[in-house]
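Have a look at the structure below, then the notes.
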Amino acid sequence: MKRHIIKCLVFCLILTATPLAYAKDRPKIGLALSGGGARGMAHVGVLKALEEKRIPIDYIAGTSMGSIVGGLYATGMSPEDLEWAIKSVDWDNALNPSNKRQLKNYRQKQEEKDYFADIEIGISKEGAKSGTGLVGDHKVMLELQRLVGSFNEKDFDQFPIPFRAVTTDLNAGEPYIIDHGDLAMAMRASMAVPLVFGPVKHQDRMLVDGGILNNLPVNVVKAMGADIVIAVNISSPLATVDENSSVLALTYQSVDVALVQNTKESVKMADILIQPKLEGIDSSMFDKVAEMINDGYLTTYSSSKALMPLSIKENEYITHLESRNFLPRDIPSRIRFISFSGNKRTATERLNSRAEKLIGQEFNANLVQEFVDQIVSTEEDIQVITYHIDSQDGQKGIAFKVKEKQWGPDYLKFGLKVADDFDSNTRISLLVRHHRYNINSKGGHWVNDLSVGSVLSWQSELYQPLDFENRYFATANIDTIKDTRRFYQGIDAIGEYDHKKFGFGINLGYNPNINSELRAGLWYKDESVVPVINDIDFDTAVNRTIGLQVNYGYDTLEKAIAPRYGYDIKTELGIFDRVQYISFDGLRRFPFFEKSAAHLRIKFDFTDLVNSNEYFKAYGGVDDFAGYPTHSLLGLNAFLLELGWFTPLTPLDLPIIGIPDLTFKTHWGNVWQRDITIEEMIYGFSAGISFDVQDTVMFLGTGYSHDGEARFYLRLGTGF
């Protein structure tokens with residue numbers, strides 16, 4: 001009790017003293033920075049105002065985003081450096097669970113069209129496992145490592161300002177304070193929000209977001225030796241829930257209640273509280289950096305009366321800043337060597353082959369970041385790669401530490417297709433994909449696609465690179481498909497049939513660049529029509545035939561769902577003993593204005609060496625000739641020209657669903673059996689609204705074709 005009375009008296013004297021009275025023997029000032037997601041950008045404005053007020057900071061502790069801002073400031077960054085650093089991060093990309101599509105190779109881009117979501121189940125000897133978070137670790141770690149840089153100091157007490165990162169130990173059920181080690185990893189652990197990020201393993205502890213138990217670490221700063229603690233609370237206020245609230249809203253509220261409660265307890269221990277209002281800004285609004293920094297700055301100035309006694313003279317503050325040397329970075333002038341460790345399934349030879357381009361280059365954090373991002377995007381077994389500067393024989397290079405997925409080596413993904421034309425023709429298929437990567441040192445892998453429902457199919461491919469760079473490759477393929485379809489006369493259904501396809505082939509391939517692929521191979525193919533309802537008598541053009549098949553693909557679309565720019569081209573040439581054909585499907589999106597795009601598509605099929613009573617392709621439906629039933633236009637030759645416009649409906653920002661996309665397209669073309677005549681061209685239009693619901697597309701639209709009729713379409717799932 002006596003100790004508390006003395007402390008209060010000392011603090012009262014401090015508050016009434018002039019800066020001159022205690023400048024030489026001033027109290028130690030600590031700064032506690034809370035978590036709060038994007039709202040943590042306000043911490044930068046607070047630090048900027050504190051420096052202008054000449055208030056020295058002797059200790060810093062931070063939680064989540066507070067640990068990032070506090071940790072960077074503790075290494076010697078100025079508020080101006082901090083503002084630049086925070087703004088330089090592409091937060092939307094760093095927190096996006098998917099890798100950038102531009103970094104994926106052509107094969108990966110085609111595979112993702114059926115399985116947009118990155119959630120996968122791993123199969124190992126221990127059974128089924130899943131990933132530990134929705135957001136990929138590597139992009140966040142790369143950004144943190146870029147911001148932190150590379151330095152040898154691992155003791156946070158030896159930083160220009162002693163620092164602590166606050167985390168939660170999942171197994172001990174208590175806060176865990178990181179005071180040494182890799183600063184970027186400490187920041188990453190402190191912001192590891194459960195379900196969003198996976199936990200970080202540090203000294204045999206599984207660590208997650210510190211905000212769960214200590215969102216505003218005032219007690220940590222006091223324990224470091226601070227006499228006075230300035231607490232900055234930027235956590236979001238509680239929302240309002242009632243009996244009509246969703247399960248998701250109630251779950252979030254339950255988590256936030258615990259966070260708000262421990263924050264309230266910390267506020268009581270603080271000597272000075274700075275609490276920016278940040279009105280209308282939530283924890284995900286990383287695009288409001290300038291507003292948040294300004295709010296933190298102005299709020300700090302509104303606390304001038306409480307902060308004034310802590311200010312010191314200008315010359316003394318300059319001396320204080322000069323004594324706070326910027327933590328020296330260990331940066332090699334040139335990268336002399338590269339090493340990898342931690343990889344077990346991913347061959348070191350392949351990683352070294354891809355890293356050779358770095359050797360001899362001037363060290364640049366962005367260059368290393370781009371390299372790591374590319375590796376993690378294309379090497380599917382790797383979860384995250386971290387790095388540090390290392391020395392060998394007096395030369396400096398980069399040592400990469402690889403962390404492979406713990407839920408492999410076999411992976412399963414699931415997809416869904418639901419299509420309804422509102423004419424009692426609902427098609428539903430469940431999709432399952434199996435992947436096995438790194439079968440050998442060159443990165444061979446095996447993929448199996450299974451569809452159950454309206455379409456029954458099994459497609460298997462063994463993909464084997466022939467060199468470490470995956471420039472050349474070979475494949476072995478098996479395709480078996482049974483598709484139940486309706487048979488039409490005009491627009492009236494008169495029967496139903498099973499379209500069965502079987503084929504196997506061996507291919508040699510070449511990847512000219514990351515966006516394209518060329519393959520050619522020897523194939524055996526067979527297609528047949530089996531009547532189910534009514535007696536349908538027609539044959540397919542592909543019937544027990546063997547020959548050469550050549551495929552070329554080129555894909556530069558910036559995203560799989562609602563792209564604004566890029567190409568998507570697929571062409572196939574078949575030279576078989578019973579049929580010869582060429583197929584082409586090319587799409588181009590041209591960006592217009594800020595978010596809209598024009599749409600151009602050309603598609604055609606032409607065949608030779610076939611009988612007049614056979615058919616080659618089936619058209620009709622929302623994807624080509626809207627207004628005609630799906631697969632109702634059968635023929636040997638076809639041509640389609642499509643023009644359109646895509647734009648997001650920004651005013652309709654709906655909860656969970658987000659902003660829907662509006663698409664309008666006109667089409668012109670036809671399907672012929674033999675004679676191609678311009679006079680018979682079909683024209684029409686289609687329009688629809690699509691929603692990206694947690695990486696699953698829901699589309700509702702309508703269409704009309706000349707000589708057809710107006711139809712409505714519903715699509716739900718992936719791969720459309």
Exercise. Can you check whether Asp555 reaches Tyr567 side chain to side chain, under 4.5 Å on heavy atoms?
Worked result: no
Exercise. Is the Lys NZ or Arg CZ of Arg715 less than 6.0 Å from the centre of Phe699's six-membered ring, within 45° of the axis?
Worked result: no
Problem set entry | Ion pair Arg54/Glu314, N-O distance below 4.0 Å | no
For this session: Return the minimal non-hydrogen interatomic distance between Pro199 and Val208, and the atom names on each side.
Result: CB-CG1, 3.7 Å
For this session: Say whether Asn214 and Asn219, considering side chains only, have a donor N or O and an acceptor N or O under 3.5 Å apart.
Result: yes
Exercise. NZ of Lys154: more than 12 outside heavy atoms within 6.0 angstrom?
Worked result: yes
Exercise. Are a donor atom and an acceptor atom from the side chains of Ser266 and Asn262 found within less than 3.5 Å of each other?
Worked result: no
For this session: Could you tell me whether the side chain of Glu52 and the main chain of Leu47 form a donor-acceptor pair under 3.5 Å?
Result: no
Problem set entry | Residues Gln383 and Gln406: side-chain donor-acceptor under 3.5 angstrom | no
Exercise. So, for Leu207 and Ala192, which heavy atoms are closest and what is the spacing to 0.1 Å?
Worked result: O-CB, 4.2 Å
Exercise. Ile230 versus Ile274: any side-chain heavy-atom pair under 4.5 Å?
Worked result: yes
Exercise. Would one find more than 12 heavy atoms of other residues, nucleotides or ligands at under 6.0 Å from atom OH of Tyr317?
Worked result: yes
Problem set entry | Test item: Trp91 side-chain N/O and Ile86 main-chain N/O as donor-acceptor pair under 3.5 Å | yes
For this session: Output yes when Arg188 and Asp182 qualify as a salt bridge under the 4.0 Å nitrogen-oxygen rule, no when they do not.
Result: no
For this session: Look at the side chain of Asp271 and the backbone N and O of Val229, then say whether any donor-acceptor pair between them is shorter than 3.5 Å.
Result: yes
For this session: Ignoring hydrogens and angles, tell me if any N or O in the side chain of Arg39 forms a donor-acceptor pair with the backbone of Asp282 under 3.5 Å.
Result: no
For this session: Examine Arg589 relative to Phe646 and say whether NZ or CZ is less than 6.0 Å from the centre of the six-membered ring and inside a 45° cone about the ring axis.
Result: yes
Problem set entry | Criterion side-chain contact (heavy atoms from CB on, under 4.5 Å) on Asp373 and Leu142, from CA distance to verdict | CA-CA 8 Å; Asp373 213 6; Leu142 282 175; 4.0 Å; yes
For this session: List the steps, then state whether salt bridge (Lys or Arg N to Asp or Glu O under 4.0 Å) holds for Lys48 with Glu80.
Result: CA-CA 8 Å; Lys48 185 177 181 180; Glu80 289 73 23; 5.2 Å; no
Exercise. With a 4.5 Å limit on heavy-atom distance, are the side chains of Gln145 and Met141 in contact?
Worked result: yes
Exercise. So does Glu83 pair up with Lys87, basic N to acidic O under 4.0 Å?
Worked result: yes
Problem set entry | Backbone N/O of Asp209 and side chain of Thr168: donor-acceptor pair under 3.5 Å | yes
For this session: Mind checking the CD-OG spacing from Glu51 to Ser78? Nearest 0.5 Å is all I need.
Result: 7.0 Å
Exercise. Got a salt bridge between Asp227 and Lys28, using NZ or NE/NH1/NH2 to carboxylate O under 4.0 Å?
Worked result: no
Exercise. Between atom CG of Leu649 and atom NZ of Lys595, what is the distance when rounded to the nearest 0.5 Å?
Worked result: 11.5 Å
For this session: In sequence, state the C-alpha distance, the side-chain angles, and the governing distance for Asp179 and Phe163, and then conclude on side-chain contact (heavy atoms from CB on, under 4.5 Å).
Result: CA-CA 7 Å; Asp179 60 5; Phe163 171 70; over 6 Å; no
Exercise. Between Arg564 and Glu558, is a salt bridge (Lys or Arg N to Asp or Glu O under 4.0 Å) present by the stated rule, with each step listed?
Worked result: CA-CA 7 Å; Arg564 290 190 61 241; Glu558 102 278 14; 5.9 Å; no
Problem set entry | Side-chain heavy-atom pair Val376, Val384 within 4.5 angstrom cut-off | no
Exercise. More than 12 foreign heavy atoms under 6.0 Å from CD of Glu362: is that the case here?
Worked result: no
Exercise. Under the side-chain contact (heavy atoms from CB on, under 4.5 Å) criterion, do Thr63 and Leu33 qualify, and how do the steps go?
Worked result: CA-CA 6 Å; Thr63 298; Leu33 304 179; over 6 Å; no
Exercise. Going by atom types alone, do Arg146 and Ser88 pair a side-chain donor with an acceptor below 3.5 Å?
Worked result: yes
For this session: Could you walk me through whether Asp568 and Arg588 pass the salt bridge (Lys or Arg N to Asp or Glu O under 4.0 Å) test, one step at a time?
Result: CA-CA 7 Å; Asp568 186 10; Arg588 174 75 191 275; over 6 Å; no
For this session: May I ask you to test the Leu183-Phe156 pair for a side-chain heavy-atom distance under 4.5 Å?
Result: yes
Exercise. Which atom names give the shortest non-hydrogen contact between Ala562 and Asp661, and what distance separates them?
Worked result: CB-OD2, 3.4 Å
For this session: Could you tell me which non-hydrogen atom of Ala598 sits nearest to which non-hydrogen atom of Trp645, and how far apart they are?
Result: CA-CE3, 4.0 Å
Exercise. Any chance NZ of Lys53 has more than 12 other-residue heavy atoms, nucleotides or ligands included, within less than 6.0 Å?
Worked result: yes
For this session: State whether the side chain of Asn215 and the backbone N or O of Gly35 hold a donor-acceptor pair below 3.5 Å, judged by distance alone.
Result: yes
For this session: Please examine the side chains of Thr378 and Leu103, heavy atoms only from C-beta on, and report whether any two atoms are closer than 4.5 Å.
Result: no
Problem set entry | Polar contact flag, side-chain donor to acceptor under 3.5 angstrom, Glu143-Gln369 | yes
Exercise. Do Pro162 and Met224 have side chains that get closer than 4.5 Å, going by heavy atoms?
Worked result: yes
Exercise. For Val69 and His43, which heavy atoms make the closest approach, and how far apart are they?
Worked result: CG1-CB, 3.7 Å
Exercise. Taking the side chain as C-beta and beyond, is there a heavy-atom pair between Thr663 and Lys665 under 4.5 Å?
Worked result: yes
Exercise. Between the side chain of Ser311 and the main-chain N/O of Met308, is any donor-acceptor distance below 3.5 Å?
Worked result: no
For this session: List the atom of Val221, the atom of Gly30, and the distance in Å for their closest heavy-atom pair.
Result: CG1-CA, 3.3 Å
For this session: Would you please test Thr299 and Lys277 for side-chain contact (heavy atoms from CB on, under 4.5 Å) and show each step?
Result: CA-CA 8 Å; Thr299 303; Lys277 293 182 179 180; 5.8 Å; no
Exercise. Taking the six-membered ring where the residue is Trp, are the ring centres of Phe400 and Phe371 under 6.0 Å apart?
Worked result: yes
